[in-house]
Asker: 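There's a structure below that I have some questions on.
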Amino acid sequence: MAAALQTNIPPVKVPATFRAVKKQSFAPFRVRCAVASPGNKRYNITLLPGDGIGPEVVSIAKNVLQQAGSLEGVEFSFREMPIGGAALDLVGVPLPEETIAAAKESDALLLGAIGGYKWDNNEKHLRPETGLLQIRAALKVFANLRPATVLPQLVDASTLKRQVAEGVDLMVVRELTGGIYFGEPRGIKTNENGEEVGFNTEVYAAHEIDRIARVAFETARKRRGKLCSVDKANVLEASILWRKRVTALASEYPDVELSHMYVDNAAMQLVRDPKQFDTIVTNNIFGDILSDEASMITGSIGMLPSASLSDSGPGLFEPIHGSAPDIAGQDKANPLATILSAAMLLKYGLGEEKAAKRIEDAVLVALNNGFRTGDIYSAGTKLVGCKEMGEEVLKSVDSQVPASV
Ligand code: IPM
Ligand code: MG
């Protein structure tokens, strides 16, 4: 993730936004974001700005969230907590206990990004990424929804030919708390020949497959009714069980058309003919890879939001892009993925569909008005920075102009 937006390796430099995070005391603070009115719904949101461009995009998305909420009678209390490199610098661990406690108490979480050159050589347990994996595990957010939609306004930003990219609208449902990311045994040891060996375990229990498959069938049912399960059942036992369980569940969803595809073929089909896909369900590592691939079809990884959901507790909402340390603190980041993650937070995390729609529409209006950050810029459009793009979306949230795609 962190590498996805990096274009070069600049000297390690602490961006201004990051210094601001560092300077603040660790004591969590609450910001009352709307004048409390009786009758309004109130939610507690934990903000996890993280590293690199994370603080820039989260502060913009927070304003948009607040504004869209206030127009729909929804108020928020925001609490900002450290994670990733920011937490390492502050307290020496990538996910402090206090962050976990705040996360569990909240109604939903909005995360920016984690990681940066500064911590790249840290031992694994002291890497920013470890904080992200730990919070996913702590919140048990096993279902990761990663939509990839090619907006008509951005079709020319895709690296694929217009006729291939146009109209793509797919959803990757990625299993997020199991598989090789978490499987035991794992480690690096020295074998009998004195040679170092690194090893991990791809492991899925039946209940883990069933619960993610159910989320995927339900998701497909609300979309175009097509579900493609991606695995490597020609080689891996974990995938053989995956295919067996997904197939067995299909009879409960007769309205969903299920197909199976090997992951290597899926990677190829995604660039050959992405329109064949509606909903894709897959394991943790294949989902990581395929969702990055799918994001490029849409023109920029800077456009894609995600939702990580558990059975009951709060959901975690984050852009799928990384911390982009090469552009951090320069007002160049595209805030739209985080703004759209705020829309997913409203929709999937809080059930506030109207406020979510306001944000989605506002993003379309800003794009229709020609505003583009560098990653989605094309001739004839207006190049803006992160802040200005945020302001344009805010204006559109306010103006309530119905957006047509
Ligand atoms: C993602 C990222 C993470 C992952 C990294 C940063 C641990 O790539 O969210 O896709 O591999 O899940
Ligand atoms: Mg990734």
Side-chain angles (χ1 to χ4, degrees), residues 1-6 48-54 57-58 83-88 93-95 99 109-148 170-183 186 200-202 204 208 212 230 263 266-267 270 280-298 300-310 315-326 328 337-338 340-341 344-345:
M1 163 161 138
L5 283 177
Q6 293 170 18
L48 304 171
D51 310 319
I53 59 171
V57 292
V58 166
I83 190 170
L88 279 164
V93 290
L95 183 65
T99 299
L109 295 96
L110 185 65
L111 172 82
I114 50 95
Y117 311 122
K118 183 177 174 187
W119 309 280
D120 271 355
N121 297 322
N122 283 13
E123 273 182 66
K124 187 162 167 281
H125 71 286
L126 295 178
R127 287 185 65 96
E129 291 82 355
T130 302
L132 181 57
L133 297 179
Q134 286 170 341
I135 198 155
R136 289 175 180 169
L139 296 173
K140 301 189 171 69
V141 284
F142 67 90
N144 184 211
L145 308 186
R146 297 188 162 191
L170 62 89
M171 173 78 88
V172 177
V173 179
R174 170 189 178 192
E175 200 292 324
L176 201 63
T177 54
I180 200 164
Y181 272 55
F182 293 91
R186 63 190 299 156
N200 293 87
T201 304
E202 167 73 353
Y204 273 106
E208 292 176 293
I212 190 69
V230 172
V263 64
L270 265 175
I280 291 174
V281 62
T282 191
N283 71 12
N284 204 341
I285 192 154
F286 298 160
D288 179 45
I289 298 163
L290 294 181
S291 61
D292 264 30
E293 189 187 356
S295 78
M296 274 321 291
I297 303 168
T298 72
S300 171
I301 198 166
M303 289 299 300
L304 293 201
S306 81
S308 304
L309 307 171
S310 74
L316 174 66
F317 301 85
E318 53 174 313
I320 83 157
H321 64 67
S323 57
D326 57 333
T338 315
L340 290 169
S341 299
M344 289 191 96
L345 182 155

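The figures here come from the full heavy-atom set of this structure, side chains too, leaving out hydrogens, waters and symmetry mates. In this text, all values refer to a predicted model and were calculated from it rather than measured experimentally. Whatever order the structure lists ligands and atoms in, that order sets their numbers, starting from 1.
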Asker: Counting C-beta onward and ignoring hydrogens, is there a side-chain heavy-atom pair between Ile53 and His321 closer than 4.5 Å?
Answerer: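 Side chain of Ile53 against side chain of His321, heavy atoms only: contact under 4.5 Å found.
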Asker: Taking Gly287's backbone N and O only, do any of them form a donor-acceptor pair with Ser291's side chain (distance below 3.5 Å, no angle check)?
Answerer: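 Such a contact is found between Ser291 side chain and Gly287 backbone.
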Asker: Can a donor-acceptor pair be found, under 3.5 Å and without considering hydrogens, that links the side chain of Glu129 to the backbone of Gly131?
Answerer: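 Flag not set: sc Glu129 to bb Gly131 has no pair under 3.5 Å.
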Asker: If only atom types and distance count, is the side chain of Thr130 paired as donor or acceptor with the main-chain N or O of Leu126 below 3.5 Å?
Answerer: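 No, Thr130 side chain to Leu126 backbone: no donor-acceptor pair under 3.5 Å.
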Asker: Quick one: does any side-chain atom of Asn200 pair with a main-chain N or O of Arg186 as donor and acceptor, under 3.5 Å?
Answerer: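 Checking the backbone N and O of Arg186 against the side chain of Asn200, no donor-acceptor pair under 3.5 Å is found.
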Asker: Flag Asp288 as yes if one of its N/O/S atoms falls below 2.8 Å of the Mg ion (ligand 2), otherwise no.
Answerer: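 Checking the Mg ion (ligand 2) against Asp288, an N, O or S atom does fall under 2.8 Å.
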Asker: Would you say Arg136 touches ligand 1, if touching means a heavy atom closer than 4.0 Å?
Answerer: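 Arg136 counts as a contact of ligand 1 under the 4.0 Å cut-off.
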Asker: When you compare ligand 1 with Asp292, is there at least one nitrogen or oxygen pair between them that comes in under 3.5 angstrom?
Answerer: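 N/O-N/O distance under 3.5 Å: no.
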Asker: Residue-level breakdown please: for Arg127 versus ligand 1, do any non-hydrogen atoms fall below 4.0 Å on the side chain, on the backbone, on both, or on neither?
Answerer: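 Neither part.
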Asker: Is the shortest distance from a heavy atom of Asp288 to ligand 1 less than 4.0 Å?
Answerer: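 Contact check Asp288 vs ligand 1: positive.
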Asker: Would you call Arg146 a ligand 1 contact, heavy-atom distance under 4.0 Å?
Answerer: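 Yes, Arg146 has a heavy atom closer than 4.0 Å to ligand 1.
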Asker: What are the atoms of ligand 1, with element, lying closer than 4.0 Å to any heavy atom of Arg174?
Answerer: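 Result: 1 (C), 4 (C), 9 (O), 10 (O), 11 (O), 12 (O).
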Asker: Is the side chain of Asn284 donor-acceptor paired with the backbone N or O of Leu176 at a distance under 3.5 Å, no angle test?
Answerer: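 Looks like yes, one N/O pair under 3.5 Å.
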